[in-house]
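This structure is a prediction, so every number in the text was calculated from the model and none was measured.
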Amino acid sequence: KGSREVDIVTLSHAGRGLPCKILRMAATGILPSDAMSPWQVPPGVRTVEQAIHWAAGVLDGHALSYGHGTDNSFDDAAALVFHAGAYDHAEAAVVYPRVLPKAAADRLATLLERRVVDRLPSAYLTGRTWFAGLEMRCGPGVLVPRSPLAELIVQGFRPFLRPERLRRIVDVGTGSG
């Protein structure tokens, strides 16, 4: 069934000490049964917190862009892990020490692969994002809400505007329909 030649490269995921093997088969696409996908959560990663740190390391190793709902690899990883496990972000303190179930780890592997290979923002992969403290649905058909002015928006543009004096507001070009 073709070549069984394998190159093995071990990465250390941004110094977090969680090695991952990347295997390349010569023109066959067939991996040995004991081969681990680079997206598969390693056996030593057991808890939600460990999965977030491991996933952040994976993301760090792929020169991704942030600012589409999250602004760093750790927050991006947390969004993917919480989505994969169907966890509530408001319960983070309780969720972090929990064991990540295999089904959630498998979903996380798929999400990580799509985030890295397809370069999709985590907001598109999870279908939700947060802006100015509000959770909202988000998908590829809209721009991910983001702004360096988020704090100003939350404060009602005070002290620059007096909301009681506004008569009209025009929402132009926001991209969210």
Of all heavy-atom pairs between Leu100 and Leu108, which one has the smallest distance, and what is that distance? CD2-CD2, 4.5 Å
For Thr126, what residues pass the side chain to side chain donor-acceptor pair (under 3.5 Å) criterion, not counting sequence neighbours? none
By side chain to side chain donor-acceptor pair (under 3.5 Å), which residues pair with Thr129, not counting sequence neighbours? none
Under 3.5 Å donor-acceptor pairs involving side-chain atoms of residues 133-145, not counting sequence neighbours:
from: Glu135; atom 1: OE2; to: Arg128; atom 2: NH1; distance (Å): 3.0

Decide whether Trp130 and Tyr124 are clustered together by the hydrophobic rule: side chain heavy atoms of Ile, Leu, Val, Met, Phe, Trp, Tyr closer than 4.5 Å, transitively. no
How close do His68 and Pro121 get, counting heavy atoms only, and between which atoms? CB-CB, 3.7 Å
Transitive ILVMFWY side-chain link Leu80 to Phe74, under 4.5 Å: yes
Heavy atoms only: give me the nearest Val41-Trp54 pair and the separation to one decimal. CG2-CZ3, 3.7 Å
Report yes or no: do Val116 and Val81 belong to one cluster of Ile/Leu/Val/Met/Phe/Trp/Tyr joined by side chain heavy-atom distances under 4.5 Å? yes
List, one per line, each side-chain donor-acceptor pair under 3.5 Å for residues 83-92, sequence neighbours excluded.
from: Asp88; atom 1: OD1; to: Ala90; atom 2: N; distance (Å): 2.9

Please check if atom CZ in Arg107 has more than 12 non-hydrogen atoms from other residues, nucleotides or ligands closer than 6.0 Å. yes
Can you sort out the partners of Arg162 under salt bridge (charged side-chain N to carboxylate O under 4.0 Å, His left out), two or more places apart, ordered by chain and number? Glu164
Work out which heavy atom in Arg98 is nearest to a heavy atom in Val94; give both atom names and the distance. NH2-CG1, 3.5 Å
Partner set under side chain to side chain donor-acceptor pair (under 3.5 Å) for Asn72, not counting sequence neighbours: Asp75
Taking atom CG of Asp60 and atom OG of Ser73, what is their separation to the nearest 0.5 Å? 3.5 Å
Test log, rule side chain to side chain contact (heavy atoms under 4.5 Å, CB included), inputs Thr110 and Trp39: CA-CA 7 Å; Thr110 300; Trp39 316 114; over 6 Å; no
Taking a hydrophobic cluster as the set of Ile, Leu, Val, Met, Phe, Trp and Tyr residues connected by side-chain heavy atoms closer than 4.5 Å, whether directly or through intermediates, do Leu120 and Leu111 fall within one such cluster? yes
